[in-house]
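The next block holds one structure in the form of structure tokens; read it before the comments.
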Protein chains: 2
Amino acid sequence: MDLSERKQKILQVIIDEYIGTAEPVGSRAISKRNELGLSSATIRNEMADLEDMGYLVKPHTSAGRIPSDVGYRFYVNSLMQKYQLGVEAIEVLRRELAEKVNQLDTLIKKASIITSSLTEYTTVVTSPMLSRSVIKKIDVLAMAQGTAMIIVITKAGFVKNRMISVDITEAEATRITELLNRFFSGVMTDEIDENSVIMIASAAVESGINPKTVQTVLSKVYEFITALDECDVYINNARSMLQYPEFADVDKAREMLDFLENRDNLIKIIENGHNTDGVGIKIGKENNAKELENSSLITVDYRLGSRSLGKIGVIGPKRMNYAKVIASLDLISGHIDKILEELYSNEGEG
Amino acid sequence: MDLSERKQKILQVIIDEYIGTAEPVGSRAISKRNELGLSSATIRNEMADLEDMGYLVKPHTSAGRIPSDVGYRFYVNSLMQKYQLGVEAIEVLRRELAEKVNQLDTLIKKASIITSSLTEYTTVVTSPMLSRSVIKKIDVLAMAQGTAMIIVITKAGFVKNRMISVDITEAEATRITELLNRFFSGVMTDEIDENSVIMIASAAVESGINPKTVQTVLSKVYEFITALDECDVYINNARSMLQYPEFADVDKAREMLDFLENRDNLIKIIENGHNTDGVGIKIGKENNAKELENSSLITVDYRLGSRSLGKIGVIGPKRMNYAKVIASLDLISGHIDKILEELYSNEGEG
DNA sequence: TGTTAGCACTCGTCCGATTTGAGTGCTAAC
DNA sequence: GTTAGCACTCAAATCGGACGAGTGCTAACA
């Protein structure tokens, strides 16, 4: 079942060609390029074999052939040449990322934008998972009459806030804040359980705060902390889909954009689409989503130390420039990892 | 130059029809609806007049006629019937907005989503302008080695944060935080000038903090506060463009989506497109943007008290359902105003 | 004078037939 | 094993006629 050297060569030429043009490629076109020095008839025979073996398919009798999912998979695994990004591209990336790195979410969004412009495909990034973050500080602020605000800051520099409805005085808020920080500052979010909340509650009540207020605030705080890991996803450059002939049909484009709009689904696909080691590549049906049958998804982790915080993914037509996308993602995730490492090297250990 | 009763009637029927179908409407179709009891020939004569007067245009000789920008403008100003939103729609809106109103930006984003689903057009909202906000609290936190975070919370419940590079100890950060709040808490952001910063700086230096650290932190804080009013814009349901025949051509759709992606431009258009009183309606070329020549933009303010915080806009084809969009925006902005009023009734006065 | 029936004319769209051309598979010869 | 050659296939492009929606104009009518 192994492919002869020559078949591999031909398959590679076909896929390279198809990636460039999106047109089925025929035997004559290949033989003309005479890298192989074979006549079109010979190529035809080989192509027929490749089709039998499942690497190619014919859209119809009198068209050329296009790669099947299997063909792409073989290409990605065995044939593809490593892509070398241009020095200017690398330079731009370095410069852009250096500019405003000091906000974790800004950094991620920026990374997404850069990836889009580097690859010209749609980029999706998941926001950093905060579930295993260390709390730097919690604030409870009395705001307008009957409302208060909870602010949680993690060591990694992530700030989340939420308003709650509760009658509370500034003094009470300050006191509760004090207690919260005494117990929770420096603690990892998923180590916080109801017991710790109860301890704080009794301490607060002892210091004379209305038990009902304490109860309301602390249950909201607890709820908020446990909900911190809600994963969000940013989509970038979705409109780029429209530039590829695969989506020349407005209905196709609409289907894809509708799919992208469904965040939950998208997150699921991105999380699924990933094997542990570095880059995850899902081709066509491998994505297990009808809407992505004609598309591929490539993902990488971005990490803090050994811990994966989230993912950056690129979605494009199945005939995407895999080598370039992989190179881009590799480069950018490497950069992010380094930046995060520098910024928060003391985070992440209990 | 006035339009006779009958011409107005005819114009109205034509526009109503065209809004529904996107097809040029002919004289026969109108006469068939016999609301007017006129023959097609008579209608034809009237339509020819309306064309001469600039209210209608012909795509080509043997098609019906479609409204011109002038025609739409007349329709919007004089002919359009008030649209009554369904009770279920109103109920949904009320319920949705009630649910998680406690975050200003969440509220606005949600409003945008609701508007999209109510109107089925693309919605753009500008984030609340913070320039004339009252500061509730400022925090400076020492984070990882060599970095600190500035957090500003406004009375209206807006939280913004930024990381900065500076060598600072926790004690120093706490001290600076104390001073910042003593001077700035309760102050409106645009009342803060360099003098106040200098005062804080000297106080901080007096209390023994490294002058260089003080200088770095305070200049960053000042920079941050003055940059608070950077206006952002959220786009919702852009893909809905694709469902209208106006954008059946992928290139047209692409042009529009490209335009929407250019945030600066978009903000400019939205801000321009607004006259002070309530709803702003810009039809086609009135938008002063090539990309919007075939689209209309309707905007409303959302307010806190009398102060406009930002805008909600709807972009759709020129033949959009103006009455419905206006009714929706009216309703939703009214709701938001009320919610904001309730939440932050004590904000906004120096 | 305003309205309408009638008619010639325009012009985009639809539809079927034809042509074109890229590409294939097979065969026979080298 | 390779290749030239040829018949065959089939989507896409081209062409042309029919169709029909719609117009403008004219003449007749109330």
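In what follows, chains carry the letters A, B, and so on, assigned in the order in which the sequence lines appear, proteins first and then strands, with residues in each chain numbered from 1.
- Atom CE of A/M47 and atom P of C/dG25 are 8 Å apart (whole Å).
- Rounded to whole angstrom, the span from the CD1 atom of A/I66 across to the C1' atom of C/dA22 amounts to 16 Å.
- Qualifying salt bridge (charged side-chain N to carboxylate O under 4.0 Å, His left out) partners for A/E261, counting only residues two or more places apart in sequence or in other chains: B/R239.
- We find that OH of B/Y18 is positioned 16 Å from C1' of D/dA21, with the value rounded to whole Å.
- Listed candidates were C/dG25, C/dT3, C/dG12. Nearest to the side chain of B/S62 is C/dG12.
- In terms of heavy atoms, B/V314 sits closest to B/M320 at O-CE, 4.1 Å.
- Note on B/T61: a side-chain N or O is less than 4.0 Å away from OP1 or OP2 of C/dC11.
- Between B/N45 atom CG and C/dG2 atom P the separation is 11 Å, expressed in whole Å.
- Using a 4.0 Å cut-off between charged side-chain N and carboxylate O, A/R319 and A/E246 make a salt bridge.
- Distance from the side chain of A/K58 is smallest for C/dG25 among the nucleotides C/dG25, D/dT3, C/dT4.
- Look at CG on B/L36: it is 18 Å from P on C/dG2, rounded to the nearest Å.
- Counting to the nearest Å, the P atom of C/dG12 and the NE2 atom of B/H60 are 5 Å from each other.
- Spacing between atom CD1 of A/I43 and atom C1' of D/dG5 amounts to 17 Å, rounded to whole angstrom units.
- The partner of C/dC30, taking Watson-Crick or G-U wobble pairs whose two distances both stay under 3.5 Å, is D/dG1.
- Taking 4.0 angstrom as the limit, A/R28 places none of its side-chain polar atoms (N or O) nearer than this to OP1 or OP2 of D/dA4.
- For B/I315 against B/S295, the heavy-atom pair with the smallest separation is CG2-CB, 4.4 Å.
- Under the 4.5 Å side-chain criterion, counting only non-hydrogen atoms from C-beta, A/E120 is in contact with A/Y244.
- Residue contacts shown for A/R65 are limited to sugar-phosphate atoms, with no base heavy atom under 4.0 Å away.
- When the P atom of C/dT24 is taken as reference, atom CG of A/L50 falls 12 Å away, rounded to whole Å.
- B/T42 comes within 4.0 angstrom of a nucleotide base, judged by non-hydrogen atoms across all strands.
- If you check every strand for non-hydrogen atoms under 4.0 Å, A/A41 touches a base.
- For a distance-only test at 3.5 Å, the side chain of B/R44 fails to qualify as a donor-acceptor partner of the base of C/dG2.
- Heavy atoms of B/S40 sit nowhere under 4.0 angstrom from any nucleic acid atom.
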